[in-house]
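In what follows, chains carry the letters A, B, and so on, assigned in the order in which the sequence lines appear, proteins first and then strands, with residues in each chain numbered from 1.
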Amino acid sequence: MNRAVREAFVRLYTEGLIYRDTRLIHWDCEAQTVLSNLEVDNEPAKGELFEFAYAIEGGGEIIVATTRPETMLGDTAVAVHPDDPRYKPHHGKYVTHPFVDRRIPIITDAELVDPKFGTGAVKVTPAHDFNDFATGKRHKLEELNILNLDGTMNALCGQFAGLDRFVARKAVKKALEEKGLVRGTKPHDLVLPRSQRNGSVVEPLISTQWFVRTKPLAEPALAAVREGKTVIIPEEWAKTYEHWMSNILDWCISRQLWWGHRIPAFYCDACAGHVTVTNADGEVPCEKCGGKTRQDEDVLDTWFSSGLWPFSTLGWPDQTDSLKKFYPASDLETGYDILFFWVARMMMMGIHFMGEPPFKRILLHGMVVDETGDKMSKVKGNVIDPLDLIHGASFDSVVEKTLPGAPREESLKKFKKAYPSASQMGTGFAAYGADALRFTLSTYSPQSKRIPLSPKKIEGYRNFMNKIWNATRFALGYLEGARVSTDPPTATLLPNRWILSRLRATTDLVRKGIDEFRIDDAALGAYHFFWGELCDWFLELTKPIFAARPDSPAEADETRDVLAYVLEASMRLLHPMIPFITEELWQRLPRPESSPVSLALAAFPDASTGRDDPAADRDMSILQAVIGAGRSIRSEHDIHPGAEVPLVLRSGVPEVRAVLTTESRSLQFLVKTKGAPVIEESGGPRPRGAVMHMAADTEVLVALQGLVDPAHEAARVERELKKVDKDIAAIEKKLSLPAFADKAPPEVVKEAKDQLEALKRKRTGLEDAKGIAGELAS
RNA sequence: GGGCGGGUAGCUCAGCGGUAGAGCGUCGGUUUUACACACCGAUGGUCGCAGGUUCGAUCCCUGUCCCGCCCACCA
């Protein structure tokens, strides 16, 4: 690593892309090191605009405004706008400094001065302000550094020397006051630059540092993304990348810290400080005189070496096999907050040293924040250790970890404010497990900048883990003797055909989600399949089939094999999101003979998994709708869940009657009917005193004579009729517009017509239901 | 000051041209022999506001109001 860093430095230096220069930099007075502009946070603050007067030689005064009075000790000019009539008489004159022996010129500068701001006259401190520095360069002003590296005033400051900068600010104001030069103070909003390391106010300071010339490196990095050689996902970030790369400033890479890679630059005192830059080990002789040298004390910015990571980790600068094989990498997955710090630098360095970008795709995910969306930080008391969510922890211990020794009550208050859902969860986190946490994180949309960690959500997915466990445990009781191969088993029964079809569709969906980095789609698709389809419907439908094994063993065998196959494939499907539980269960499940020893090594389900069956999908949706209607009737009329009810199903569609007849046993079990449901063609005489729902072109009738409040039922039907009428009106209106039939695609028009027909049939049924409801009373 | 993103059910968020979805929550019911960390049923939305394009807009365009983030040297 060290070798790679030195090699990179020397090459960039030789190519003229690294240079040493004296310029204004960001200085952290507390850590006593230079910072790059990325390491400085600008924070809004309330301050004041302080006005004081400089006496003009030959009489009069000129008033300047400043937010940092102490910097007047380093003033080397007063600038006014060239066209400002107020100051025209003073052009070319000098003012005298009240505290130090210095004549200061009044200069004109249209770039620096906004005549409308403050007094229209600006004090110029080239050594301590970025604007003033540029102005100083334009006017060849003297750059007077007035600060020591620890933030105290230096010897140039006369009576103020040795004072801390903030103490000096007050002292200067007081001294000006005593001299009668203060002209006013008003509140002023300003932006304070603060160090990301320690929060201290950063001072602009003149200093000699090492820089990377970034423009030549940024251009190819920019081009790589523009040309699609590297794709940034989500693509919104490409714009941010573009913007930053296009406006990039030279990168200050030296740091005055004691940890880090030392800069491989060696100075020769004999040759007036001549610099030898080399990657040689040991004593480095001066390249000019061969004499002794001393190495630069500074170290490199940590992101300099990190920028080399895609190839330095593979053995670079040696042409290793790994380097040939693994560079460039396919995907980088990281948080968006280090897009500039790390990703951009890897792109620049990678392209420069390796000739091509280090990644094909860059996926940027959001930052994990607290439930209210705030960044986790110790001061906010909203930090959660992921291990506490995995293993469980009391809230007391969670806050103690974040704010050791702080008053418990106050810490808990902060914590509960940051995690509203946790405050309703008792006294701590249960042990949700690594799978639940992992699955939860995978359900957040990657487009979101924030991942608000919600304990309640993790709890919900912990329940899913539990569901997987229980469902499999239940199934294992029926899987004795199951035959599982890599091909889907033969299926003749509707539930079996249907679940294989759903497995097929879900496999596509999950694969697509993973391929497109929509892990949330993959995770939620698999969740819905397993819980909403496999558990809620398929497992329930297998129960009557297994129960009927003595009468029809072939059907039970088929179902057993399908169940085994679907579960085995489901484990493989869920494994990327839920590695531990699926491995454990998979080991217990019957699986194909060719399977490897571990699920982690097994093939991910592909297009050969499951079997498309549109007819089964359609028939199943009929069955589900009818069962749903039956259950609704039961629930709405407070039928005890244990009670069996007589069920009559009437439909004018032969195909529907066929499905319902075949699935008679399913209907009996899931609606809990008294005997097999009666299935007949609509139009004949209706049973008296029944409640009727319309579902899937079927009249679902439950005879409840005497058990139901007729008014209540009539109101329900009335409500539904109203809704259907509204829908019918909307579609009829649409169809009546000539423009719709003319311009809309034919399939859309047909769909609307079909919908209208279905609604009309439903309406007829509801009219009947109204009549039936009337009979309930009698 | 510049740039980017967002405002959809009580909450957190998906959807982004063909009559609105999930989880959590809420309400009612159930110890139905995998699971009460469960099951069944129900409730819930003028898709920020105003215009425009279109046969049709939550989805596209313009304007507007809020919210968040990033970048930036106004004394």
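Nucleotides B:G51 and B:G68 have their C1' atoms positioned 27 Å apart, rounded to a whole Å. Comparing B:G23 with B:C37, their C1' atoms sit 15 Å apart, to the nearest whole Å. For the P atoms, the distance from B:A20 to B:G29 is 32 Å, rounded to whole Å. Using atom P as the reference point in both B:G48 and B:U8, the two lie 6 Å apart (nearest Å).
The salt bridge (Lys or Arg N to Asp or Glu O under 4.0 Å) test applied to A:Lys760 returns A:Glu732, not counting sequence neighbours.
Taking a cutoff of 4.0 Å between a charged side-chain nitrogen and a carboxylate oxygen, A:Glu43 and A:Arg194 qualify as a salt bridge.
Closest to the A:Arg518 side chain, of the nucleotides B:G18, B:G15, B:G41, is B:G15.
Remark: A:Asn37 is in phosphate contact with B:A72, judged by side-chain N or O atoms under 4.0 Å from OP1 or OP2.
For the pair A:Arg68 and A:Gly460, nearest-nucleotide mapping onto RNA chain B gives the more 5' position to A:Gly460.
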(request) Let me have a per-nucleotide readout for nucleotides 25-36 of chain B, 5' to 3', with B, S or -, counting only protein heavy atoms under 4.0 Å. (result) S--B-S-B-BB-
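Looking at A:Ile106 and A:Val95, their side chains come closer than 4.5 Å, going by heavy atoms from C-beta outward.
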Output one line per pair: protein atom, nucleotide atom from nucleotides 3-6 of chain B, and distance, for all N/O pairs under 3.5 Å.
from	atom 1	to	atom 2	distance (Å)
B:G5	OP1	A:Lys239	NZ	3.1

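For A:Arg462 and B:C37, a side-chain-to-base donor-acceptor distance below 3.5 Å is present, hydrogens and geometry of angles not being considered.
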